[in-house]
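Beneath this line is the structure, given in structure tokens, with notes to follow.
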There are 2 protein chains.
Amino acid sequence: MADTNICPKFEKALSILNKRWTGLIVFQLLNGSQRFCNIESEIGISGRVLSERLKDLEKEGIVQRKVYDETPVRIEYSLTEKGTALEPVLNEIQNWSDHWVEPQEEPVAK
Amino acid sequence: MADTNICPKFEKALSILNKRWTGLIVFQLLNGSQRFCNIESEIGISGRVLSERLKDLEKEGIVQRKVYDETPVRIEYSLTEKGTALEPVLNEIQNWSDHWVEPQEEPVAK
DNA sequence: TATACTTACTTACATAAAGTAACTTAATTA
DNA sequence: TAATTAAGTTACTTTATGTAAGTAAGTATA
């Protein structure tokens, strides 16, 4: 990969958002704090990748993991302020899709 | 991959934008019509993947390919109206990155 | 005229990322 | 005791991406 002329902050942002599932995970968490298995089933991601992504997003300061020491232990993931700040991005994507994406007739073969 | 409860248009939009390089290619083309080798060098993508992406984006109606029958032939890629409509999305990403992404001290080892 | 160079790709191969399924650990319920 | 749930992890397969070289058509250079 060669050097580019593009703003490195912007590139960094894209390298996060470009990753498969990142957008959907953030979108899902905009609904509020959630458990691992809930995110998994809501967006249809595999546990293997969800685990990986949540770690990445935590490292980026976008997601926070909270352990509630009840019995049984409860773990919840939520957006940080930085993560919540992505809402306008997701809103614009939604807006674009409303205007420009025609509904898919085939909802992905099973 | 399981079924989800998420709006299919939005999912479709994310499946396009989630793909590596899509954002940068659209961003680059927001500067105007450009040739293959120019995009290639500006964003640092490999020719192999650029070729693949441009075909995908053409199929999605986001990019258009124009052949100018000069000699030697000139081929230019540009955004369609649908593609140009992605500008606010990119702007929000830029805005987010300005506020929340701290500059990387290591600009990727060579 | 032969050689090298440019553009817009494609092909072959190597490595990285994602999907699938089974397993783990601890606690809970039937 | 056996089965279930949550939150992962591990091993293995498939897909995506990167790298480098090749191609075809035309251009410039020696």
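These numbers come from the heavy atoms of this one structure, side chains and all, not from hydrogens, waters or symmetry mates. Note on naming: letters A, B, ... go to the chains in the order of the sequence lines (proteins, then strands), and numbering restarts at 1 for each one.
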Filtered N/O pairs between nucleotides 24-29 of chain C and protein, under 3.5 Å:
none

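- Atom P of nucleotide D:dG18 and atom NZ of B:K19 are separated by 12 Å, given to the nearest angstrom.
- You'll find that the side chain of A:R53 is closest to C:dA18, out of C:dA8, C:dA18, D:dA7.
- Rounded to whole angstrom, the span from the CZ atom of B:R74 across to the P atom of C:dA8 amounts to 10 Å.
- How far CD of B:E60 is from OG1 of B:T22: 9.5 Å, rounded to the nearest 0.5 Å.
- Atoms CH2 (B:W21) and P (C:dA16) sit 16 Å apart, rounded to a whole Å.
- Between the CG atom of A:L50 and the P atom of D:dA7 there is a distance of 10 Å, given to the nearest Å.
- Across every non-hydrogen atom of B:K82 and B:G61, the tightest pair is CB-O, 3.5 Å.
- One can place CG of B:N38 at 10 Å from P of C:dT7, the figure rounded to the nearest angstrom.
- Of the inter-residue distances, the one linking B:L17 atom CG with A:L17 atom CG reads 9.5 Å to the nearest 0.5 angstrom.
- Between the CD atom of A:E76 and the C1' atom of D:dA6 there is a distance of 12 Å, given to the nearest Å.
- Heavy-atom nearest nucleotides on DNA chain D were determined for B:S46 and for A:R35, and the one closer to the 5' end corresponds to A:R35.
- Between B:E70 atom CD and D:dA25 atom C1' the separation is 15 Å, expressed in whole Å.
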Contacts under 3.5 Å, N or O only, protein and nucleotides 9-11 of chain D:
residue: D:dT9; atom: OP1; partner: A:K55; partner atom: NZ; Å: 3.0
residue: D:dT9; atom: OP2; partner: A:S51; partner atom: OG; Å: 2.6
residue: D:dT9; atom: OP2; partner: A:K55; partner atom: NZ; Å: 3.1

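- Under the 4.5 Å side-chain criterion, counting only non-hydrogen atoms from C-beta, A:E52 is in contact with A:R48.
- Rounded to the nearest 0.5 Å, atoms CG (A:L14) and OG (B:S97) are 8.0 Å apart.
- For D:dG18, one of the phosphate oxygens OP1 or OP2 lies less than 4.0 angstrom from a side-chain nitrogen or oxygen of B:R20.
- For the pair A:Y77 and D:dG8, the criterion of a side-chain N or O lying under 4.0 Å from OP1 or OP2 is met.
- Under the 4.5 Å side-chain heavy-atom criterion for ILVMFWY residues, no single connected hydrophobic cluster contains both B:Y68 and B:L54.
- Contact annotation: the side chain of A:E92 approaches that of A:N95 to within less than 4.5 Å [non-hydrogen atoms, C-beta and beyond].
- Among the nucleotides C:dA18, C:dC9, C:dA8, the one closest to any side-chain atom of B:R65 is C:dC9.
- Of the residues listed (B:R65, B:K66, B:R35), the one engaging B:Y77 in a side chain to side chain donor-acceptor pair (under 3.5 Å) is B:R65, and it is the only one.
- By the salt bridge (charged side-chain N to carboxylate O under 4.0 Å, His left out) test, B:E70 is found to be paired with B:R74, residues two or more places apart in sequence or in another chain being considered.
- B:D56 has its CG atom 15 Å from the C1' atom of C:dC9, to the nearest Å.
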